[in-house]
Amino acid sequence: MLFKQQALLRQKLFVLGSLAIGSVLYLVARVGTLDRLQPICPIESRLPPPEPEQIPLRTLQFKRGLLHELRKGNATKEQIRLHNLVQQLPRAIIIGVRKGGTRALLEMLNLHPAVVKASQEIHFFDNDQNYARGIDWYREKMPFSFPYQITIEKSPAYFITEEVPERIFKMNSSIKLLIIVREPTTRAVSDYTQVLEGKERKNKTYHKFEKLAIDGNTCEVNTKYKAVRTSIYTKHLERWLKYFPVEQFHIVDGDRLITDPLPELQLVERFLNLPSRISQYNLYFNATRGFYCLRFNIVFNKCLAGSKGRIHPEVDQSVVTKLQKFFHPFNQKFYQITGRTFNWP
């Protein structure tokens with residue numbers, strides 16, 4: 001009897017043990033299955049897939065490679081064909097103003113991967129001999145680019161040359177036009193300084209700024225002096241407005257481009273309908289040079305030529321004041337036409 005009870009107890013323990021082990025194995029298997037089904041991160045924390053960029057950032061590096069080789073004449077026709085590269089007429093032109101910062105603006109815009117710049121001033125529309133060579137000659141002076149990129153050239157003489165507005169209109173009536181200006185008196189002195197430096201290199205003498213800017217007979221501002229005439233911005237702009245609506249012009253603050261360039265460049269990006277790509281990373285202040293330099297990537301940096309940022313000669317304050325009073329009414333009209341106001345005297 002005792003033996004049967006012990007056997008029955010062992011049988012019950014065996015069944016219970018089997019059930020316990022089975023339960024444990026089931027739970028292990030279930031947990032393993034849940035682990036496999038559990039997403040790596042919670043659904044609410046997953047980020048949506050990034051939208052494809054309109055302008056591939058890798059193009060920036062590619063431009064410094066293949067397009068540089070094209071400028072040196074080292075790329076083959078096969079490379080040009082494979083990458084669908086073309087020489088495009090400009091869709092935007094920096095038309096002026098001389099000594100307003102045209103070179104700085106062009107180089108800074110070239111930071112954008114959708115912009116390709118013409119390295120040299122072409123002087124197609126303001127030079128009769130060049131213009132007579134035809135539009136195909138002009139196109140051949142343009143850099144190679146991808147079809148979606150915008151080619152930009154700059155020739156500041158365009159702004160003040162009478163024939164240029166009509167000639168550009170005949171090429172492209174919807175072209176975007178960029179004008180960069182500085183305080184008119186400062187710009188005139190900068191204009192004089194560049195010419196003075198050229199004279200000194202050739203060991204030639206040159207009049208002082210005061211003698212050129214002020215008519216010795218009348219003691220009034222000498223409007224025949226080119227540096228003064230160029231600074232009467234509204235007179236030149238009115239000639240352009242006979243062919244182009246004001247909406248096709250964008251005015252860049254050349255003084256601000258020196259001290260705080262990024263906001264000005266962002267305004268130009270919007271005007272050209274470009275996605276915002278230029279950032280503070282691309283611009284760094286060089287204390288030695290006294291102005292901003294460009295950073296394309298961790299390897300390639302660039303500063304403007306040493307001729308930029310020349311020290312201006314001191315000008316008699318009475319002449320400065322006279323010029324500022326002379327330019328004032330023209331400045332007010334320029335503000336009214338363009339819709340952009342500057343803190344000029």
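Heads up: numbering here begins at 1 and tracks the sequence.
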Practice task
Report yes or no: does K322 contribute a side-chain atom to a donor-acceptor pair with the main-chain N or O of C219 at less than 3.5 Å?
Solution key: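 Answer holds: yes.
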
At what distance, to the nearest 0.5 angstrom, does [atom1] of [X] lie from [atom2] of [Y]?
| X | Y | atom1 | atom2 | answer |
| --- | --- | --- | --- | --- |
| D316 | F209 | CG | CZ | 11.0 Å |
| I168 | E166 | CD1 | CD | 11.5 Å |
| R182 | S231 | CZ | OG | 10.5 Å |
| K226 | L212 | NZ | CG | 13.5 Å |

I need the minimum non-hydrogen distance between [X] and [Y], along with the two atoms involved.
| X | Y | result |
| --- | --- | --- |
| R277 | P113 | CB-CD, 3.8 Å |
| T161 | P165 | O-CD, 3.6 Å |
| A118 | L106 | O-CD2, 3.7 Å |
| N301 | F296 | OD1-N, 4.5 Å |
| R256 | P263 | NH2-CB, 3.2 Å |
| P261 | L283 | CG-CD1, 3.9 Å |

Exercise for the section: Please state whether the rings of F249 and W240 are parallel, tilted or perpendicular, taking 30° and 60° as the class boundaries. Expected result: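 Judged by the thresholds at 30° and 60°, the geometry between F249 and W240 is perpendicular.
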
Handout entry: Whether F334 and F342 hold their rings parallel, tilted or perpendicular, with breakpoints at 30° and 60°
Key =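 F334 and F342: parallel rings.
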
Hydrophobic cluster membership, with links at side-chain heavy-atom distances under 4.5 Å among I/L/V/M/F/W/Y: are [X] and [Y] in one?
| X | Y | result |
| --- | --- | --- |
| I180 | V115 | yes |
| I152 | I175 | no |
| F330 | Y233 | no |
| L274 | L267 | no |
| Y284 | Y292 | no |

Ignoring hydrogens and geometry beyond distance, is a side-chain donor-acceptor pair present between [X] and [Y] at under 3.5 Å?
| X | Y | result |
| --- | --- | --- |
| H123 | D126 | yes |
| Q88 | S145 | yes |
| K333 | T234 | no |

Below 4.5 Å, heavy atoms only, C-beta onward: do [X] and [Y] meet side chain to side chain?
| X | Y | answer |
| --- | --- | --- |
| I150 | H112 | no |
| Q324 | E183 | yes |
| L265 | L105 | yes |
| R295 | C293 | no |
| F326 | T185 | no |
| M142 | I122 | yes |
| E163 | Y131 | no |
| P184 | W344 | yes |

Problem - Y225/Y192 under ring pair (Phe, Tyr, Trp, His ring centres under 6.0 Å): CA gap, chis, key distance, verdict - result: CA-CA 10 Å; Y225 178 39; Y192 166 84; 7.2 Å; no

Problem - Passing candidate, side-chain hydrogen bond (donor to acceptor under 3.5 Å, both in side chains) with Y158, options E153, H236, R167, R98 - result: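 Of all the options given, the one that passes is E153.
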
Exercise for the section: Starting from the C-alpha separation in whole Å, work towards a yes-or-no answer on side-chain contact (heavy atoms from CB on, under 4.5 Å) for V268 and M108. Expected result: CA-CA 11 Å; V268 177; M108 288 178 178; over 6 Å; no

Practice task
Take atom CD of E314 as the centre, draw a 6.0 Å sphere, and report whether it contains more than 12 heavy atoms from other residues, nucleotides or ligands.
Solution key: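 No, the 6.0 Å shell around CD holds no more than 12 heavy atoms from other groups.
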
Problem - Atom NE2 of H312: over 12 foreign heavy atoms under 6.0 Å - result: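 Check passes, neighbour count above 12.
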
Handout entry: Ring center gap for F291 and F285 short of 6.0 angstrom
Key =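 Distance test on ring centres: not under 6.0 Å, no.
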
Problem - R239 vs E162, side-chain contact (heavy atoms from CB on, under 4.5 Å): CA-CA, chis, key distance, verdict - result: CA-CA 8 Å; R239 185 170 56 250; E162 291 188 11; 4.1 Å; yes

Practice task
Find out whether the Lys NZ or Arg CZ of K176 is both under 6.0 angstrom from the six-membered ring centre of F271 and within 45° of the ring's axis.
Solution key: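 Yes, a cation-pi geometry.
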
Handout entry: Evaluation steps, side-chain contact (heavy atoms from CB on, under 4.5 Å), between N282 and L294
Key = CA-CA 6 Å; N282 300 119; L294 317 179; over 6 Å; no

Practice task
Start with the C-alpha gap between V97 and T230, add the side-chain angles, then the distance that decides, and say whether side-chain contact (heavy atoms from CB on, under 4.5 Å) holds.
Solution key: CA-CA 8 Å; V97 176; T230 300; 3.5 Å; yes

